[in-house]
Protein chains: 4
Amino acid sequence: MPRTDQQLAELREESRTRILQGAMELFARYGYTKTSVRMIADHTGIAQGLMYRYFASKEALLRAVLDSFMQQVAQILAEAGTASDPFEHLAQIIRLSFELIQQQPDSWQLFYAIRVQPDVVAGLHEEINILSVALMQQLEIPFRRASIANAHNEAAILFAIIDGVCQQYVINRTIYPLQAVTTAVLAKYSRATLTGATSQ
Amino acid sequence: MPRTDQQLAELREESRTRILQGAMELFARYGYTKTSVRMIADHTGIAQGLMYRYFASKEALLRAVLDSFMQQVAQILAEAGTASDPFEHLAQIIRLSFELIQQQPDSWQLFYAIRVQPDVVAGLHEEINILSVALMQQLEIPFRRASIANAHNEAAILFAIIDGVCQQYVINRTIYPLQAVTTAVLAKYSRATLTGATSQ
Amino acid sequence: MPRTDQQLAELREESRTRILQGAMELFARYGYTKTSVRMIADHTGIAQGLMYRYFASKEALLRAVLDSFMQQVAQILAEAGTASDPFEHLAQIIRLSFELIQQQPDSWQLFYAIRVQPDVVAGLHEEINILSVALMQQLEIPFRRASIANAHNEAAILFAIIDGVCQQYVINRTIYPLQAVTTAVLAKYSRATLTGATSQ
Amino acid sequence: MPRTDQQLAELREESRTRILQGAMELFARYGYTKTSVRMIADHTGIAQGLMYRYFASKEALLRAVLDSFMQQVAQILAEAGTASDPFEHLAQIIRLSFELIQQQPDSWQLFYAIRVQPDVVAGLHEEINILSVALMQQLEIPFRRASIANAHNEAAILFAIIDGVCQQYVINRTIYPLQAVTTAVLAKYSRATLTGATSQ
DNA sequence: GATGAATGAGCGTTCATTCAT
DNA sequence: CATGAATGAACGCTCATTCAT
C-alpha cells in the first residue's frame with residue numbers, strides 16, 4: 001500500500017533533519033574539511049548516497065548547516081531585548097551572547113572558521129554579512145534608546161568586543177576567563193559607566 | 001665547476017623565499033586546505049618536488065609561513081610603545097593595529113582561519129597563545145601606567161575590540177568602516193574618556 | 001531498491017577475490033615493489049580506490065596474498081603424511097613439494113622474494129618462521145618414525161634441499177632439471193639408502 | 001697544471017670504487033629499493049650527480065655491485081679445492097660456504113633478494129646462471145674424483161643444501177643453528193657416509 | 001525512497017635523473 | 001672532474017560523487 005503524500009513528506013523531512021543535525025555535529029567537532037561524507041553517513045545511520053537526494057553536494061550541506069545555525073542565532077538574538085530599560089537591555093544582550101558561546105562553542109567555532117575562509121561556500125559571505133548587519137542593528141537599539149551619542153559606532157565596538165571575546169573563548173576554552181571578562185564588559189556597559197560616573 | 005658556497009647559499013635563499021612568499025599569498029587567498037602543492041609550484045614557477053628540499057611537508061610550510069608572520073607581528077608590536085604618556089601609548093597601539101590589518105589583510109585572514117581550526121598544525125595553538133598573551137601584556141602596560149583600575153580586564157577587552165574589528169574588516173574589506181571605528185575606539189580610549197569626563 | 005544482504009556479500013566477495021587474485025599474479029610476476037596499485041586496478045578491471053575498501057593498504061594486500069598462500073601450503077603439507085610407512089611418507093612429502101612448486105611457481109617466487117626482504121611487511125617474518133618451523137616438524141616425523149639418528153638435523157637438511165631445489169627451479173624454470181633432481185632426492189631418501197645399503 | 005692521464009685514471013678509479021663500495025654496503029643493509037641515490041651520495045661523501053658519470057643508472061650500479069660480489073665469490077670458491085683427497089675437498093667447500101655466509105650475510109641477502117626478483121636487472125639472470133653452473137661444476141669435481149655415482153645430481157643436491165641452509169641462516173640469523181647443521185652436513189658428506197658405512 | 005559498491009580525479013610526497021655552474 | 005639545486009613522472013592513498021539494484 002503506497003504511502004500518502006504527507007507520509008512521504010514527513011519521511012523526507014525526517015531524513016533531511018537527521019542528516020542536517022548529524023552534519024552539524026560532525027562539522028562542529030572535526031571541522032568541515034576533516035569531516036567526510038562517509039563519516040556523516042555512519043554517524044547518522046543513513047547511506048552515503050542518500051545525502052545527495054537532499055543536498056546537492058557536501059558544500060550545499062555545509063551551507064544548509066550554517067543557514068540553520070545563523071537563523072537560530074538571529075532568532076534568539078531578536079528575542080533578546082525584552083527589557084524596557086535600555087541599559088538592562090544591553091546587559092541582557094551581553095549576557096546572552098556569552099551564554100550562547102558557552103552552550104555550543106563547537107558550532108560557533110565552525111561558524112568562525114568558515115566566516116574567515118574566502119570562497120569556501122559560494123554566496124555565504126553575503127548571508128553572513130546580512131546576519132552581522134542585523135545583529136549590529138539589534139545592538140544599536142539600546143544605545144539609541146539610552147540616547148548615547150554615536151550609537152552606530154558604539155554598536156560596532158560592542159559587536160567587536162563580543163566577537164573578539166567569543167572567539168578567544170572558543171579558541172582557548174579551558175583557560176580564557178570568560179566570567180571575569182563578562183563582568184568587566186557588563187561594568188563597562190552599565191548605566192553608571194555609560195552615563196559618565198567618574199571611573200568606568 | 002661547482003658553485004661556490006656563497007652562490008649556493010644565495011640560490012637556496014632565493015628559492016626558499018620564493019616558495020615562502022608564494023605559499024603565503026596562496027594560503028591567504030584560497031586557504032590552506034584549498035591550496036595544493038601543485039598550485040604553489042605553478043604560482044612560484046618552481047617544481048613541486050623542490051618544495052620538499054626546503055620544507056618537510058605542506059604543513060611545515062604553513063608553519064613557516066605563520067611563524068614568519070607572527071614573528072613579524074610580535075616585533076612590530078613590541079616596538080609600538082615609544083610614547084611616554086600612557087594614553088598616547090594606548091592610542092599608538094590602536095592606530096598601529098588598524099594600520100597593520102590594512103597593510104596585509106591576507107596574512108591576517110590566514111592567521112585568523114588557522115587560529116580557529118583546531119589541529120591543522122600540531123603545536124601551533126601554543127605558539128598562538130604565547131603571542132596572544134604577549135600582546136595582551138603589551139596592552140596592559142599603558143593601562144597600568146595610567147593607573148586604570150582592573151588593568152588586566154581592560155587589556156582583555158581592548159584586545160577583544162581590536163581582534164573583533166580586525167576580523168570584521170578582513171571579512172568585509174570593502175564595506176567595513178574601519179576609519180570611523182578607529183576614530184570611535186580612539187575616543188573611547190582617550191584620556192578624557194578613561195579618566196572620567198562626563199560623557200565617554 | 002537496495003540489494004539484499006546476500007547480494008551484497010556476494011558482490012563484496014567477488015571483488016575481494018578478484019583483487020586478491022590479480023594482486024597475486026602481478027606481485028608474483030613483477031615483484032611487490034614494481035607492482036603499482038594502478039597496475040592492479042587495471043589488471044583486475046576495478047577502480048584504484050576500490051582496493052582500499054577491501055584492504056587497508058597495498059602492504060595489507062600483500063599480507064593477505066601471502067597469508068592466503070601460506071595457509072594453503074600449510075594445509076596441503078599437513079595432509080601430506082598419509083602413508084603408514086615412514087619412508088613412503090618421506091617420499092610423499094618430497095614428491096608433493098616438487099609438485100607444488102611446479103603448480104604455482106609464481107606464488108612461490110613471490111614468497112621467496114618477500115622472505116629475504118627484511119621489513120617489507122611488518123611482522124611477516126614471524127609468520128614465515130612459524131610456517132618454517134611447522135614444516136620442519138612435519139619433516140621430522142618420518143625420520144623419527146624410521147628411527148633415523150639425529151632426526152632434527154636430518155629434517156633441517158632435507159628442508160634445505162627442498163628449499164634450495166625449489167628456489168633454483170623457480171629462478172630458472174625452463175632449464176633446471178627438476179625431474180632428474182627429484183629422482184635423485186627420492187633415491188637419497190629411499191629406505192635402501194637411509195638404512196645403509198652400500199651405495200647411497 | 002693539468003694532471004697526467006694516469007692521475008686522472010686513478011682519480012676515476014678511486015671515485016668509482018668508493019661509490020661501488022658504499023652502494024654495496026647500503027644495498028646490503030637496506031635493500032636495493034629502500035636505498036636512494038641520495039643515501040649513497042651522503043654515505044660515500046660524493047655528489048649525487050657524480051654517480052651518473054660512473055654508472056648509467058641506479059640499476060646499472062646495482063648490476064656492478066652484484067657483478068663485483070659474484071666475481072669475488074666465484075674466485076674464492078675456485079680456490080677452494082686445494083685438498084688432494086676428494087672427501088676433504090668436499091668438506092672444505094662445505095665449510096667455506098658456511099663461513100662465507102657468516103662473514104657477510106647482508107651481501108648474500110641482497111644477492112638472494114635480487115636473484116628471485118624477476119626482471120629487476122635486465123640480463124642479470126644469465127650472469128647468475130653462469131655463476132650457479134660454475135659453482136655446481138666446482139662441486140661436481142670431488143664427487144667425480146671420489147667416483148660417486150651420478151656426480152652431477154649429487155652436486156645439484158649439495159648445492160641445494162648449501163643454498164637452502166645459507167638462506168635460512170640469512171633470514172633468521174640469530175636463531176638458525178648453523179653450527180649444528182654444518183656438522184650434520186659434513187657428516188652426511190664424509191667419506192664414511194658416502195662410501196657406504198652402515199648408517200648414513 | 002534507500003542502499004552501499006564502485007568510480008576516478010586529485011591529493012601530498014618521493015626520488016631517479018638532469019643540468020647550470 | 002665535481003657539485004647539488006632543480007625537475008617531473010610516478011607513487012600510494014582519499015573521498016566526493018555516481019549508479020545499479
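Chain letters run A, B, ... following the sequence lines, proteins first and then strands; every chain starts at 1. As the structure is a prediction and not an experimental result, all values here were calculated from the model.
- DNA chain F is contacted by both C:Ser57 and B:Leu8; B:Leu8 maps to the nucleotide lying nearer its 5′ end (nearest heavy atom per residue).
- Both key distances under 3.5 Å define a Watson-Crick or G-U pair, and stretches of 3 or more such consecutive pairs in DNA chain E run E:2-21 with F:2-21.
- Checking side-chain atoms of D:Thr17 against main-chain N and O of D:Glu13 turns up a donor-acceptor pair under 3.5 Å.
- Here the C1' atom of nucleotide F:dG12 and the CG atom of C:Leu62 are 14 Å apart, to the nearest Å.
- Using a 4.0 Å heavy-atom distance criterion, C:Phe55 is classed as making no nucleic acid contact.
- Of the possible polar contacts, one joining the B:Arg18 side chain to the B:Thr44 backbone as a donor-acceptor pair under 3.5 Å is found.
- When the side-chain nitrogen and oxygen atoms of C:Arg3 are compared with OP1 and OP2 of E:dA5, none of them lie within a distance under 4.0 Å.
- A cation-pi geometry, defined here as NZ or CZ lying under 6.0 Å from the six-membered ring centre and within 45° of its normal, holds between A:Lys58 and A:Tyr32.
- Between the side chains of D:Gln109 and D:Gln104, no donor-acceptor pair is found at a separation under 3.5 Å.
- We find that CD of A:Glu13 is positioned 13 Å from P of E:dG1, with the value rounded to whole Å.
- For B:Ser36, the side-chain atoms get nearest to E:dG12 when compared with the rest of E:dA16, E:dG12, E:dA5.
- Listed for the A:Gln117 side chain is no donor-acceptor partner under 3.5 Å among the backbone atoms of B:Ala113.
- Between D:Glu59 and B:Tyr32, the residue anchored nearer the 5' end of DNA chain E, judged by the nucleotide with its closest heavy atom, is B:Tyr32.
- Closest to the side chain of D:Lys58, out of E:dA16, E:dA5, F:dC13, is E:dA16.
- Distance check: B:Gln7 CD to B:Thr4 OG1 gives 3.5 Å after rounding to the nearest 0.5 Å.
- Backbone-only engagement by C:Val37 is indicated by non-hydrogen atom pairs under 4.0 Å involving sugar-phosphate atoms exclusively.
- Looking at heavy-atom distances under 4.0 Å, B:Thr35 makes contact with sugar-phosphate atoms alone, never a base.
- For DNA chain E, the residues of residues 39-53 of chain C within the heavy-atom distance limit of 4.0 Å (strictly under) are C:Ile46, C:Ala47, C:Gly49, C:Leu50, C:Arg53, sorted by number.
- Taking atom CD of residue C:Gln6 and atom P of nucleotide F:dT21, one finds them 16 Å apart after rounding to whole Å.
- One can place CD1 of D:Ile19 at 15 Å from P of E:dA16, the figure rounded to the nearest angstrom.
- Checking E:dG12, E:dT21, F:dA16 against the side-chain heavy atoms of B:Gln7 singles out E:dT21 as nearest.
- Taking every side-chain heavy atom of B:Arg38 into account, E:dT13 is the closest of E:dT13, F:dG12, F:dT17.
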Do C:Arg38 and C:Asp42 pass the salt bridge (Lys or Arg N to Asp or Glu O under 4.0 Å) test, and can you show the C-alpha distance, the side-chain angles, and the key distance before you say yes or no? CA-CA 6 Å; C:Arg38 261 166 181 77; C:Asp42 290 351; over 6 Å; no
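- Residue C:Glu10 contributes atom CD, which lies 13 Å from atom P of E:dA6 at whole-angstrom precision.
- For D:Ser15 and F:dA2, the shortest distance from a side-chain N or O to OP1 or OP2 is below 4.0 Å.
- Counting only heavy atoms from C-beta outward, the side chains of B:Asp106 and B:Leu110 never approach each other to under 4.5 Å.
- When rounded to the nearest whole Å, the span between CG of C:Leu11 and C1' of E:dG4 equals 9 Å.
- If you take NZ of B:Lys34 and P of E:dA9, they are 20 Å apart, rounded to a whole angstrom.
- Using cut-offs of 30° and 60° on the angle between ring planes, the pair A:Phe69 and A:Trp108 is perpendicular.
- Side-chain atoms of C:Tyr52 and C:Val37, non-hydrogen and from C-beta on, do get closer than 4.5 Å to each other.
- Spacing between atom CG of B:Leu26 and atom C1' of E:dG12 amounts to 16 Å, rounded to whole angstrom units.
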